[in-house]
There are 2 protein chains.
Amino acid sequence: MTTAEGRRAARSSTPTLHDVARAAGVSLATASRVLNGSERKVADSFRERVEQAADELGYTANISAQSIARGTSPVIALLVADIADPFFGLIASGVARGADERGLVVTIAITERDPERENRILRALRGQRPQGVILAASRSEDGGQESPDELAAFSSLGARTVTFGPGGDRGVQIDNHGGAERLGREMAARGYRTAIVLGASEGVRTSDDRLAGFSAGFESGGGDVVRTYRGGFAREDGAESMTVALADGVEPGTLVFALSDVVAVGAMTAIRDAGRTVGSDIAVCGFDDVPVSRDVTPQLTTVRVPLSELGYQAFRATVDAEWEQPEADLEVVVRGSTPGID
Amino acid sequence: MTTAEGRRAARSSTPTLHDVARAAGVSLATASRVLNGSERKVADSFRERVEQAADELGYTANISAQSIARGTSPVIALLVADIADPFFGLIASGVARGADERGLVVTIAITERDPERENRILRALRGQRPQGVILAASRSEDGGQESPDELAAFSSLGARTVTFGPGGDRGVQIDNHGGAERLGREMAARGYRTAIVLGASEGVRTSDDRLAGFSAGFESGGGDVVRTYRGGFAREDGAESMTVALADGVEPGTLVFALSDVVAVGAMTAIRDAGRTVGSDIAVCGFDDVPVSRDVTPQLTTVRVPLSELGYQAFRATVDAEWEQPEADLEVVVRGSTPGID
DNA sequence: ATGAAAGCGCTAACAT
DNA sequence: ATGTTAGCGCTTTCAT
C-alpha cells in the first residue's frame, strides 16, 4: 500500500487549481485564466483574489495535467553519448541555456554510443511527447541507418528532431571536412610532411570527414598521411592508439593528428610515457578546442568548434518555426604542440 | 491557429490506449493491464491481441497521462551549477546511470551558482511533480539559507530532496575536510613548509572545509599556510588568483593548494606564463581528481573524489526507501606537480 | 478474468 | 467577463 499511500499523501498535500478557485471564490476557468498564460481578460478584483489564494496555498500548476490538456508538453529531449565528455557537456550547456530562455524543460539521456541503447531511449522518450528531440549522441553512427524509424516516429508525433549531422528534421552541421582541411593545409605550411592519424572510426561520419578533410589539406600542401589508427573517442583510446603507433615507429618531426582533442590529449600522455617529447619531437594536433586543449603542455593545436553555441542553435532549431544555422567557418588554432619544422 | 492545428495533428497521429483497445477488441482496462505494469492477470489470448495491436499501431504510453492518473511522475530533477564543468558532468553521468537503471527520466537545469536563479528553477520544477530532486548546484551557497523553503515545498509534495552537502532530506557527503587534511599532511611530509591557497570562497561550505582541513593537516606536519586568495571556480579564476599571488611574491619551494582541480589547472598556466616552473619551483595540488588533472604536465597531485559514483549515490538516495551513503575515505593522489622538497 | 465508469488536474469551447 | 462542462490519455476501483 506504500504506493497508494504515497500517492494520496502527495496529492492531498498539493493544492490543485480547484483548491485555488474555491479559496478565491471563483470558477475553475477563471482561476486557470489568471494563473496560466491565457489572453482572456479577468477583472482585477478577481485576478487579485486568485493570485493571493494561489500564493497562500503555494500553488504550482501540474505540468503533466497541463500537457495532457493542452496536447503538448514543454520538454525538449537531449540525447548525448556521454555527458561527462566535455564535447557533449558543452553542447548540453548550450541547449540548457536556450531551453531556459524559453521556459522549457530539458530531459537528458545517455546513449553511450550504443545504437541499440539509443533506439531504446528514443522509444521511451516518445512517452514524454516532447516538443523536440536533439540527438548529439551518435558520434558513433551518424549517417548510420539505425534510428530513422524512431526518429520518424517523433516527427509524425509532432516533435521536431534535430541531429548533429544528418538524419533529423533539421541538422546542425559542423564543417568537419572544411575545418580539417584548413588544419591540414596549415600544418603542411608549417613544414610538416609526414602525418599519422589517430581515432579514426570507420563509418562514423564525423571521423570520416575529419580524416578526409585533413588528408586533402595536408596533401595539397605537400604532406603525406602515412598511417591511420582506429580507436575510440576517449582519452584512453588515444593513449592506446598512440602507443601502438609508437611501437610501429614514429620518426621525429612527424605530426600526429588526433580526430578529437580528447584523443589528442591521451596521445600526448602516451608520447611522454614513451620518453618522447610532444612538440619538437612529435607534433600533435586535435579537433574541437575543448577547454583541456589549453590546459595541456604544450598547448594543443586544434580546430575551434563553438560547441556551446551549436548546442544553443540545436535548441533553436527544435523550437523555432524558421531557423537557419548561422554560417561560420571553423577556425584553426595553432598552439605549442605544433611548433613547426625548420 | 497554428497551436490548435499542431495539437490536433499531434494528437490525431498518436495512437492512444483507446485506439489499441479498440483495435484489439478489448476494454480500455484490459489494454491498460497488459501494456502497463499491472499485476492483474489477463488471459493469454487477450494479452497477445493487445500486444499485437499496440505493436502495429506503434503505441507508446503518454507519460503525462500516466503521471496524472497515477499521481506520481517518473522524473528526477537534477540541478547543477554548470554542466560543462567536469565536476558536475561526472556527477550528472552517475545520476543518469542510476535513472536509466530504474527507467526514470532525468530533467536537468543549470543554476549558474546563482541562488536566485536556483530558487526560480526549483519553483518551476515543482510543476513537474518529480519523485526526487538532486541539488548539486550550490557550490556557492551550500549551507546557505536561500532555498530551504523551496526545498521544503518539494518534501511536502512527496519528492525526496537530496543535496550535496547539507540542506535536503538526505545529503551526499563529501569528506572535504578529511581529504584536505590528509593532503595537507602528505604535503608537509614531502617537505613543503609554506603554502598558499587559491579559490577560497567565504561562506561556501565546500571551500571552507577544504581550506580548514588542509590547514590543519599541513600545520600538523609543520607547514604554514601563509596566504589565501579568494576566487571563483573556473579555470580563469585560478589563473587570475595565481597571477595576483605571483605579483605578491611566491618563493621557490612554495606549495599552491587550489581548492579544486580546475582552479589548479588555471594556476598552473599562470605560473608558466610568468616564466616560473610548476613542480620543482612552485608545487601545485588540487582537489577532485577530475580527468584533466592527469592530462596536465606535470600531472596534478590531488584528492580523488568519486564524483560519478557519488552522483549515482545521490540518485539512489532520492529513490530508495532505505539508503545510506557507503563510507569511503577520500584518497590523496600524489603526482608530478608536487615532487617534494630535498 | 474482464469491463464500465469514475476520477486525476487542467484547458478550452461553449454558454451566459 | 465569468462560469459550465466536456474532454485530454490513463489508472483503478468496483461490479460482473
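Within every chain, numbering begins at 1; the chains are lettered A, B, ... in the order of the sequence lines, protein sequences first and strands thereafter.
In this structure, CZ of B:Arg126 is placed 16 Å from C1' of C:dG9, rounded to the nearest angstrom. Counting to the nearest Å, the P atom of C:dC10 and the CD1 atom of A:Ile63 are 11 Å from each other. The distance between atom CG of B:Leu157 and atom C1' of C:dG9, rounded to the nearest whole Å, is 13 Å. Atoms CG (B:Asn36) and P (D:dT12) sit 9 Å apart, rounded to a whole Å.
Here the options are A:Leu135, A:Leu307, A:Ile91, A:Val80, the test is side-chain contact (heavy atoms from CB on, under 4.5 Å), and the partner is A:Phe164; only A:Ile91 passes.
When distances are taken from the side chain of B:Ile68 to each of C:dC8, C:dA12, D:dT12, the shortest belongs to C:dC8.
Residues meeting the salt bridge (charged side-chain N to carboxylate O under 4.0 Å, His left out) test with A:Asp82, sequence neighbours left out: none. Legend: residues meeting side chain to side chain donor-acceptor pair (under 3.5 Å) with A:Gln52, ordered by chain and number and at least two apart, are A:Glu56. Take B:Arg102 and apply the side chain to side chain contact (heavy atoms under 4.5 Å, CB included) test, not counting sequence neighbours, and it matches B:Leu104, B:Phe315, B:Arg316, B:Val319, B:Asp320.
B:Glu116 CD: 12 or fewer foreign heavy atoms inside a 6.0 Å radius.
Each end of the helix from C:dA1-D:dT16 to C:dT16-D:dA1 gets its own axis from five base pairs, and the two axes differ in direction by 40°, given to 10 degrees.
Among residue pairs with one or both ends in residues 151-161 of chain A, none qualify as salt bridge (Lys or Arg N to Asp or Glu O under 4.0 Å); sequence neighbours excluded.
Taking the charged nitrogens against the carboxylate oxygens, B:Asp100 and B:Arg97 have no contact shorter than 4.0 Å, which rules out a salt bridge. A salt bridge links A:Glu150 with A:Arg126: at least one charged nitrogen is closer than 4.0 Å to a carboxylate oxygen.
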Taking N or O atoms only and anything under 3.5 Å, show me the protein contacts with nucleotides 1-4 of chain C, one pair per line.
residue	atom	partner	partner atom	Å
C:dT2	OP2	B:Ala43	N	2.4
C:dT2	O4	B:Arg40	NH2	2.6
C:dG3	OP2	B:Ser27	N	3.0
C:dG3	OP2	B:Ser27	OG	3.2
C:dG3	OP2	B:Thr30	OG1	2.7
C:dG3	N7	B:Arg33	NH2	2.6
C:dG3	O6	B:Arg33	NH1	3.4

